[in-house]
Amino acid sequence: MIKENIKTIKNNLPIGVKLVAVSKTKPIADLRQAYEAGQRVFGENRVQELCQKYETLPKDIQWHMIGHLQRNKVKYIAPFVHLIHTVDSLKLLEEIEKQAKKNNRIISVLLQIKIAQESTKSGLTLQELKEILHSEIFKKMKNISVEGLMGMATLTKNTQQIRSEFKSLKNIFEKFKNEQPHFKRISMGMSTDYPIAVEEGSTLIRVGTAIFGTRNKYT
Ligand SMILES: *Cc1c(COP(=O)(O)O)cnc(C)c1O
């Protein structure tokens, strides 16, 4: 089923939209099936699980961090992480910059924007985003590439609301695209709402359940 699910999702994606297979809580055997179907981009939301899966699976996989990231854990993923979707403060950026330098790498990140009305979803406001991108500290960073923005829509059946939240992320992206040299990605859309996200300009969808089935514990 995993292989078929991946093929079905990929066949219906426009060129330029990438699939992140969200494999959190799923066993290695499931990730291998996805790998055999050609999937090379995986997303995890916990540092320890991300590191264990990285150690176990083939090295041509690109590992994305899609969960809230604590500063004291950046060092564990800095040697190999391909993209961090969830940067929500200047302090976290500074730590990533520091660890990237130590590893002699440039680490790609997205800044997470709060687009949902739900208070449970985290992220930066437009004003906070502006303050970070225009700060002298940020401008001096050499080992970070800010490639765009990430957002999560409200968990609701109201598709008009979801669509308008995705539109707001796209609008913010457009505001900064010309001044930010590496801006090229918009990470939005999950199992239930990715078709809307793609229509609204997503370049990176993060899909778990629709590939691997439901998770036991919701994280
Ligand atoms: C779990 C998770 C997903 C995937 O959710 P599904 O509904 O299973 O597709 C996407 N993005 C983030 C940030 C997640 O934590």
Side-chain angles (χ1 to χ4, degrees), residues 1-10 12-13 17-27 30-31 33-34 37 39-53 61-70 73-74 77 81-89 92 108-124 147-159 161-163 165-166 168-170 173 185-219:
M1 275 305 275
I2 291 173
K3 286 186 185 175
E4 287 74 20
N5 292 342
I6 285 180
K7 288 194 177 127
T8 308
I9 294 168
K10 276 194 172 162
N12 292 301
L13 287 181
V17 183
K18 268 202 168 177
L19 170 64
V20 181
V22 175
S23 48
K24 62 190 184 194
T25 78
K26 294 295 172 181
D30 287 8
L31 281 77
Q33 281 191 48
Q39 185 65 26
R40 292 294 181 272
V41 184
F42 290 86
E44 289 283 339
N45 69 338
R46 293 192 172 173
V47 165
Q48 195 182 357
E49 192 175 343
L50 179 57
C51 291
Q52 281 167 355
K53 286 173 172 170
I61 290 175
Q62 298 176 353
W63 292 100
H64 289 204
M65 177 61 186
I66 63 160
H68 181 70
L69 179 59
Q70 288 170 285
K73 293 192 175 162
V74 172
I77 62 171
V81 71
H82 187 80
L83 182 67
I84 301 171
H85 289 231
T86 41
V87 176
D88 60 358
S89 71
L92 180 56
S108 298
V109 306
L110 306 177
L111 295 169
Q112 183 174 357
I113 307 298
K114 179 173 162 55
I115 53 170
Q117 284 167 16
E118 289 170 292
S119 58
T120 51
K121 299 271 192 293
S122 54
L124 300 161
E147 297 196 343
L149 304 177
M150 180 272 211
M152 289 170 91
T154 303
L155 195 63
T156 171
K157 291 204 166 71
N158 182 344
T159 56
Q161 185 183 345
I162 293 170
R163 190 178 294 281
E165 290 174 0
F166 287 149
S168 73
L169 188 61
K170 168 79 169 167
F173 177 86
R185 298 183 193 263
I186 305 177
S187 168
M188 59 183 187
M190 312 182 9
S191 289
T192 55
D193 58 19
Y194 78 82
I196 303 174
V198 168
E199 284 172 10
E200 298 304 332
S202 174
T203 74
L204 212 49
I205 59 171
R206 310 177 310 271
V207 178
T209 310
I211 295 174
F212 297 105
T214 53
R215 289 175 294 272
N216 288 333
K217 43 176 181 165
Y218 190 80
T219 50

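Atoms within a ligand are numbered from 1 in the order they appear, just like the ligands themselves.
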Taken in chain and number order and not counting sequence neighbours, the residues that satisfy side-chain contact (heavy atoms from CB on, under 4.5 Å) with Ser108 are Leu83, Ser145, Glu147
Hits for side-chain contact (heavy atoms from CB on, under 4.5 Å) against Val22, two or more places apart or cross-chain, chain-then-number order -> Lys24, Ile66, Arg206
May I ask you to list the atoms of ligand 1 that are less than 4.0 angstrom from any heavy atom of [X]?
| X | value |
| --- | --- |
| Thr209 | 6 (P), 7 (O), 8 (O), 9 (O) |
| Lys24 | 1 (C), 2 (C), 3 (C), 14 (C), 15 (O) |
| Val207 | 9 (O) |
| Gly208 | 4 (C), 6 (P), 8 (O), 9 (O) |
| Arg206 | 4 (C), 9 (O), 10 (C), 11 (N), 12 (C), 13 (C) |

Minimum side-chain heavy-atom gap [X]-[Y] below 4.5 Å:
| X | Y | answer |
| --- | --- | --- |
| Ile211 | Ile2 | yes |
| Asp88 | His68 | yes |
| Ile6 | Lys3 | no |

So for Met152 against ligand 1, with non-hydrogen atoms under 4.0 Å, the contacting part is side chain
Note: Ile66, heavy atoms under 4.0 Å from ligand 1, region reported as both
Check this for me - ligand 1, Arg215, N or O atoms closer than 3.5 angstrom, yes or no? yes
Review point. Using the ring of each side chain (for Trp, its six-membered ring), is His64 parallel, tilted or perpendicular to His85, with breaks at 30° and 60°?
Key: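 Ring orientation, 0 to 90° scale: tilted.
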